[in-house]
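Atoms within each ligand, like the ligands themselves, are counted from 1 in listed order.
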Amino acid sequence: MRGQMMDYQLTLPTVLRRAETYFGDKEIVSRLADGGFHRTNYREVMRRSKQLAVALAGLGLERGDRVATLCWNHSQHMECYFGVPCGGFVLHTLNLRLHPTDLAYIASHGGDRAVVVDRMLVPLLDQFIGETQIEHVFVVEDGYEELLSGASADDWRDPELDEDEAAAMCYTSGTTGRPKGVVYSHRSTVLHTFGVMSGAPLNRALGEADTFLPVVPMFHANAWGYPYLAAMLGAKIVYPGPLCDPNSLLEDFVQEQVTWTAGVPTIWMGILQVLDADPARYDLSRMKGMLVGGSAPPRSMIAAFKQRHGLDVCHGWGMTETSPVASTTDLPGDLRYADEETRLDYTALQGIPLPFVEVRARDIDGNEILWDGQAMGELECRGPWVAASYYDTPEQADRWTADGWFCTGDIVSIDERGFISIQDRSKDVIKSGGEWISSVALENALMGHPAVAEAAVIAVPDEKWTERPLGVVVLRPGETATAEELREFLAGSFAKFWLPDRFEFVDEIPKTAVGKFRKTALREQFVKQSVPAS
Ligand code: AMP
């Protein structure tokens, strides 16, 4: 016997209608490059999204055609997040921090036919557009306005899409090899939004009364779903535009009374330094907390926000391939009154999967690891918002197991409660004397030293042990620490063979386009130098 419920497709026009019907007056604020603010609301943004959908069809674009964006976070970008898929087209967000050569590859491999671009990014577009099939260019506040003015929202009809049709695509930043395209469907996007809303602690933290400021760029990993999440809940949203330095963000938090924000740890490390230097300067009493992911936030940073500034860090894990949010961490109820150190330990883990995401981890021999918090294996996952393949990249098919799980490339341990602890990327884990050393664990510990601003740990080849850890450290202004002091500091928490034999002190750690440590660059810089045998 089959169930007798409606065949109701999970598509983005539903979210659009909900936002304009119930939350039309709620504000959408964008910080402009000149520091000013642009104010609009859901009614306007959804009306303009419909105009965009109608206008794109008027250009002769067909269902499934790709429309790219090369933009910072602002309300026009949100219009593309809705207007492009609600017209039956596919939104392709281009990462403006990538090299033009990569952008040329990504835009042409993705088959983009049109692009919406910020005026300040036109020079970047000019460097690669010649190598793509892009026929139409619309500059925000210029040709984009003309495009919209020629179309009426009243002409928009819900294209009644199949929920499995593509809504958006996003390329992984690809520190090795060519970037790979992930194609999100309407269904996966709607379910991902539900998933983020329903996993603890976000299910308690986020609601219509909130004001979100996604620092996470809309050109990376779907902006972690925040534009859709905000629209589904009816929360006010504040877009930071190109101004993502700590002081501009803190000004936005105060002026717009932001309650919830999201971004990678490097952003929060910068903000923490400003807050620590002058705790009274910014009144963050409205703020509840922040979702932090993309790389592991140091435990010391989580503690500092909580203890010194009363702010909760909600730690989440995910990847472009998982839409991206796949797990969040929340303190188990029975540990609510545990000692502070235990509570912090849990907050620093990557947590348990959101509902409908399943995980397992397998060791080097392919056996599932024991969930004892010790054994390490590669994390695999599956679920309705996990990619089933890369776009037109058959040579990467081995990222999926024969029984349909996605191999994340993250090395993890999982504890008895199912809490995931990311130990490393498989390419970054340090293999020393037949054992694995987690570069991430060493980095987090080092960043807990009072003199250390940032620390990255990489593997360097070693004749005797195969590989040994090398610490690359940025000291805080005016602070000093020697290699021996740092080793002693770590010795309290790690086995002797984990301790880096060598430290390099640098002014800055190179970062990827999305603010993660660029370990390939560090390896190029330091690996060539000989390492003393230990
Ligand atoms: P991307 O697809 O560029 O967002 O990168 C995804 C990768 O970032 C994951 O496979 C992890 O290696 C890393 N990552 C994401 N979130 C976290 C986290 N909370 N802790 C540690 N690593 C993370």
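- When the heavy atoms of Ser295, Gly293, Pro265, Gly316 are ranked by distance to atom 23 (C) of ligand 1, first place goes to Ser295.
- Heavy-atom proximity to His315, at under 4.0 Å, picks out these atoms of ligand 1: 18 (C), 19 (N), 20 (N).
- For Arg178 and Tyr105, the positive end sits near the middle of the six-membered ring, less than 6.0 Å away and at most 45° from its axis.
- Residue Ile422 has no N or O atom closer than 3.5 Å to an N or O atom of ligand 1.
- Against a heavy-atom cut-off of under 4.0 Å, His220 is close to the following atoms of ligand 1: 3 (O), 4 (O).
- When only interatomic distances are considered, the shortest N/O to N/O separation between Gly294 and ligand 1 falls below 3.5 Å.
- The closest heavy-atom contact to atom 1 (P) of ligand 1, among the options Gln423, Lys516, Glu321, Lys427, comes from Lys516.
- Only side-chain heavy atoms of Arg425 come within less than 4.0 Å of ligand 1; its backbone N, CA, C and O stay farther off.
- Around atom CZ of Phe194, no more than 12 heavy atoms belonging to other residues, nucleotides or ligands sit under 6.0 Å away.
- A donor-acceptor contact under 3.5 angstrom links the side chains of Asp112 and His92, judged on distance only.
- Using a 4.0 Å cut-off between heavy atoms, Thr320 contacts ligand 1 through both its backbone and its side chain.
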What donor-acceptor contacts under 3.5 angstrom involve side-chain atoms of residues 325-332, with partners at least two apart or in another chain?
| residue | atom | partner | partner atom | Å |
| --- | --- | --- | --- | --- |
| Ser327 | OG | Gln350 | O | 2.6 |
| Thr328 | OG1 | Ala200 | O | 2.9 |
| Thr329 | OG1 | Tyr346 | O | 2.9 |
| Asp330 | OD1 | Arg204 | NH2 | 2.9 |
| Asp330 | OD2 | Arg204 | NH1 | 3.0 |
| Asp330 | OD2 | Arg204 | NH2 | 3.4 |

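- Within 6.0 Å of CZ on Phe356 lie no more than 12 heavy atoms contributed by other residues, nucleotides or ligands.
- Between Thr259 and the options Leu206, Asp210, Leu213, Leu284, a side chain to side chain contact (heavy atoms under 4.5 Å, CB included) holds for only Asp210.
- Annotation for Asp507: atom CG does not count as buried by contact number, only 12 or fewer foreign heavy atoms lying within 6.0 Å.
- Ligand 1 has Gly318 within reach: a non-hydrogen atom of the residue lies less than 4.0 Å from it.
- Considering backbone and side-chain N/O of Thr408, none are found under 3.5 Å from N/O of ligand 1.
- Residue Asp410 places a heavy atom under 4.0 Å from ligand 1.
- Residue contacts with ligand 1, taken as heavy atom pairs separated by less than 4.0 Å, involve Ala296 via backbone and side-chain atoms alike.
- Among residues two or more places apart in sequence or in another chain, the side-chain contact (heavy atoms from CB on, under 4.5 Å) test is passed with Ser248 by Arg31, Leu243, Asp245.
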